[in-house]
Amino acid sequence: MNTLILSTILRVLTPLFISFALYMFFRGHDKPGGGFIAGLIASIPFMLHAMVFGYERTTRVYRIKPYLLAGLGLLLAMVSGFFSVVQGKPYLTPVWMDDKLPLIGKIGTPIFFDFGVLLVVFGVVLQVTFLLTKE
């Protein structure tokens, strides 16, 4: 199903989906959103690409290894909870930096946990999509 219209639309929509996923990721601490929905949104253009061009071309063009991303995300989510244990607090207690970054705000362990969730969701959704699009 290699069409000119769909391939052109994918080139335009991919940066928009990634940008919106980043917006939802950073918005998620104060309002609805976060790592889970950002992972789903970020996987949409790659899912479409795999459905249109096949998973071989998608993994070759974007160099995506979904199982590796999911594993790294799980590791990051688990490790983010140990920062509080080192300080003598219960596991997964948020630890925040004192300084704020422009446009992002305060950085803390919940952001690393959410990024881990984003990677897990992104990797699992793409792995399922790649398995379903295999010929």
Side-chain angles (χ1 to χ4, degrees):
M1 188 166 85
N2 191 357
T3 66
L4 179 64
I5 294 172
L6 195 53
S7 62
T8 304
I9 288 173
L10 277 174
R11 268 189 240 125
V12 173
L13 287 182
T14 299
L16 292 174
F17 273 105
I18 300 300
S19 300
F20 187 61
L22 287 173
Y23 167 74
M24 290 302 289
F25 174 75
F26 286 113
R27 180 181 183 262
H29 293 292
D30 299 327
K31 297 176 182 160
F36 187 83
I37 191 67
L40 288 175
I41 293 169
S43 66
I44 291 172
F46 302 102
M47 288 171 51
L48 289 173
H49 194 278
M51 289 180 196
V52 172
F53 300 111
Y55 83 98
E56 295 96 358
R57 183 169 174 190
T58 303
T59 55
R60 188 176 64 245
V61 169
Y62 293 108
R63 297 183 183 150
I64 297 174
K65 292 184 169 67
Y67 52 88
L68 180 64
L69 290 174
L72 286 174
L74 186 60
L75 182 66
L76 181 62
M78 287 174 44
V79 168
S80 70
F82 286 112
F83 288 102
S84 58
V85 173
V86 170
Q87 293 183 349
K89 299 176 184 173
Y91 181 71
L92 284 178
T93 301
V95 177
W96 297 94
M97 288 178 52
D98 294 330
D99 300 328
K100 287 185 175 181
L101 296 176
L103 297 174
I104 295 174
K106 281 191 167 187
I107 297 289
T109 56
I111 291 176
F112 295 114
F113 178 82
D114 269 351
F115 190 67
V117 170
L118 182 148
L119 289 176
V120 168
V121 171
F122 184 77
V124 168
V125 167
L126 285 185
Q127 184 64 35
V128 169
T129 302
F130 291 168
L131 288 174
L132 291 176
T133 56
K134 272 187 180 179
E135 293 186 45

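Just so it is clear, the values below take in all heavy atoms, side chains as well, and ignore hydrogens, waters and symmetry mates.
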Engineer: Test question: given the 4.5 Å side-chain rule for I, L, V, M, F, W and Y, name all other residues clustered with L68, or answer none.
Structural biologist: Y67, L72
Engineer: Flag yes if M78 and V124 sit in one hydrophobic cluster, no otherwise; membership is Ile, Leu, Val, Met, Phe, Trp, Tyr, and two members link when side-chain heavy atoms are under 4.5 Å apart.
Structural biologist: yes
Engineer: To the nearest 0.5 Å, how far apart are CG in L119 and CG in D114?
Structural biologist: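 Reported value, rounded in 0.5 Å steps: 11.0 Å.
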Engineer: Side chain of T109, backbone of V95: donor and acceptor closer than 3.5 Å?
Structural biologist: yes
Engineer: For F113 and A77, which heavy atoms make the closest approach, and how far apart are they?
Structural biologist: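 Reported closest heavy-atom pair: CD1-O, 3.5 Å.
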Engineer: When the ring planes of Y55 and F130 are compared, do they come out parallel, tilted or perpendicular, using 30° and 60° as the limits?
Structural biologist: tilted
Engineer: Quick one: closest heavy-atom pair of P110 and P94, and the distance?
Structural biologist: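 Scanning both residues completely, I find the closest heavy atoms to be CG-CB, 3.7 Å.
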Engineer: Is there a path of hydrophobic side-chain contacts, each under 4.5 Å between heavy atoms of I/L/V/M/F/W/Y residues, joining L48 to L131?
Structural biologist: no
Engineer: When you compare the side chain of F53 with that of S7, does any pair of heavy atoms fall below 4.5 Å?
Structural biologist: yes
Engineer: Do V79 and L76 share a hydrophobic cluster, counting only Ile, Leu, Val, Met, Phe, Trp and Tyr and linking them when any side-chain heavy atoms are less than 4.5 Å apart?
Structural biologist: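 Not linked; separate clusters.
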Engineer: Do you know the tightest heavy-atom contact between L126 and S43?
Structural biologist: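 That closest heavy-atom pairing would be CD2-O, 3.9 Å.
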Engineer: Look at atom OH of Y23 and say whether more than 12 heavy atoms of other residues, nucleotides or ligands are closer to it than 6.0 Å.
Structural biologist: no
Engineer: Rounded at 0.5 Å granularity, tell me how far CG in L118 sits from CD1 in I37.
Structural biologist: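 If we round to the nearest 0.5 Å, L118:CG and I37:CD1 are 10.5 Å apart.
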Engineer: Find the distance between CG (L22) and CZ (R27) and round it off to the nearest 0.5 Å.
Structural biologist: 14.5 Å
Engineer: Rounded to the nearest 0.5 Å, what separates atom CE in M24 from atom CZ in F17?
Structural biologist: 13.0 Å
Engineer: Under the rule for side-chain hydrogen bond (donor to acceptor under 3.5 Å, both in side chains), what residues qualify as partners of T58, not counting sequence neighbours?
Structural biologist: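 For T58 the side-chain hydrogen bond (donor to acceptor under 3.5 Å, both in side chains) partners, ignoring immediate neighbours, are H49.
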Engineer: Within the 4.5 Å heavy-atom criterion, are T14 and Y62 side-chain neighbours or not?
Structural biologist: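 Counting from C-beta outward, T14 and Y62 do come under 4.5 Å.
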Engineer: How far does CD1 of I44 sit from OG1 of T129, to the nearest 0.5 angstrom?
Structural biologist: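 So the gap between those two atoms works out to 10.5 Å.
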Engineer: Report, as yes or no, whether the 6.0 Å neighbourhood of atom CG on L101 holds more than 12 heavy atoms from other residues, nucleotides or ligands.
Structural biologist: yes
Engineer: Would you give me the side-chain donor-acceptor pairs under 3.5 Å for residues 81-88, sequence neighbours excluded?
Structural biologist:
| residue | atom | partner | partner atom | Å |
| --- | --- | --- | --- | --- |
| S84 | OG | G81 | O | 2.9 |
| S84 | OG | P90 | O | 2.8 |
| S84 | OG | L92 | N | 3.4 |
| S84 | OG | T93 | N | 3.4 |

Engineer: Are F115 and Y91 in one and the same hydrophobic cluster, where Ile, Leu, Val, Met, Phe, Trp and Tyr link if side-chain heavy atoms are under 4.5 Å apart?
Structural biologist: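 Hydrophobic grouping puts F115 with Y91.
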Engineer: Enter the distance from I41:CD1 to L16:CG here, rounded to the nearest 0.5 Å.
Structural biologist: 12.0 Å
Engineer: Is there side-chain contact between I18 and F46, with at least one heavy-atom pair below 4.5 Å?
Structural biologist: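 Sidechains of F46 and I18: in contact.
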Engineer: Identify the two heavy atoms, one from F25 and one from I111, that lie closest to each other, and give their separation to 0.1 Å.
Structural biologist: CZ-O, 3.6 Å
